[in-house]
Amino acid sequence: MSQGASKSEPSYFNITTSILNKLLIALNECSEWGRVAILNALARYHAHDDKESEHICERVVPQFQHVNGSVVLAAVKVRVLPSMSSILFKLLKVIMIHLRKVRREDLTKQLVRKMAPPLVTLLSSPPEVQWVALRNINLLLQKRPDILSNEMRVFFCKYNDPLYVKIEKLDIMVRLASEDNVDALLSELKE
């Protein structure tokens, strides 16, 4: 069993601190396929302490700026490269896994704040991609309800949303309900 590897998945190589740092540097320089492979390795990696988890999160978060809605649409249509929505969810997975060990509240808030915009961007995708995004958002909200606490309005149903998208949006809106936004939620439910 390699150092830092998950017990449930086979280890292919030993991720040492040196290799971890090289993987984090390579994340900025590689193709989409390379990014997917590195993010998969980082998701399986178990950090030794909170400092290492913080370092991983700080190095992975800048990848959110590369997630572009138009690239998502193009990638989904072409199917040659891994879709950016897939990369986004791998980024989120790495952050969510390593966020558990982060002890600094200011860093946790900063990371959570940076997770919302790329998720919201995916909601302008075609219904099929939107549904996958909504399902993943719903799962993320079960662990971190604060991720999209100020984004209730982006989940309002549109008249031309397919039923399966509307159901996911409604579920998310109920999950996001709070005293601050209950009036907006009730108004939307009336519609």
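What's counted below: heavy atoms across the whole structure, side chains too, no hydrogens, waters or symmetry copies. When a residue number appears, it is its place in the shown sequence, counting from 1. Worth saying up front: this structure is predicted, and the values here are computed from it rather than measured.
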Salt bridge present between D49 and K51 (N-O < 4.0 angstrom): no
Where do E52 and A47 come nearest, in terms of heavy atoms and distance? OE1-CA, 3.1 Å
Hphob cluster co-occupancy, L189 + I172, side-chain heavy atoms under 4.5 angstrom: yes
Given side chain to side chain contact (heavy atoms under 4.5 Å, CB included), test L91 with V61 step by step and report yes or no. CA-CA 8 Å; L91 282 167; V61 159; over 6 Å; no
Which residue pairs pass the side-chain hydrogen bond (donor to acceptor under 3.5 Å, both in side chains) test with at least one member in residues 172-188, sequence neighbours excluded? N138-R175, S178-N181
Counting only heavy atoms not in R153, do more than 12 sit closer than 6.0 Å to its CZ atom? no
Going through the checks in order, is the side chain to side chain contact (heavy atoms under 4.5 Å, CB included) test met by F155 and L123? CA-CA 8 Å; F155 299 104; L123 296 180; 3.5 Å; yes
Audit row: L20, L42, side chain to side chain contact (heavy atoms under 4.5 Å, CB included) steps and yes/no: CA-CA 8 Å; L20 174 65; L42 293 174; 3.5 Å; yes
How long is the span from the SG atom in C57 to the CE atom in M96, to the nearest 0.5 Å? 10.5 Å
Is there a side chain to side chain contact (heavy atoms under 4.5 Å, CB included) between L39 and L27? Walk through the geometry before answering. CA-CA 8 Å; L39 291 170; L27 196 55; 4.2 Å; yes
Could you state the interatomic distance from CG (N160) to NZ (K166), rounded to the nearest 0.5 Å? 8.0 Å
Between Y164 and Q130, do the side chains contain an N or O donor and an N or O acceptor separated by less than 3.5 Å? no
Starting at CG of D161, measure out to CD of E168 and round the result to the nearest 0.5 Å. 12.0 Å
Shared ILVMFWY cluster between L23 and I97, side chains joined below 4.5 angstrom? no
Between R59 and E54, is a salt bridge (charged side-chain N to carboxylate O under 4.0 Å, His left out) present by the stated rule, with each step listed? CA-CA 9 Å; R59 295 302 300 260; E54 288 176 11; over 6 Å; no
Would you check if the side chain of H98 reaches a backbone N or O of H46 as a donor-acceptor pair within less than 3.5 Å? no
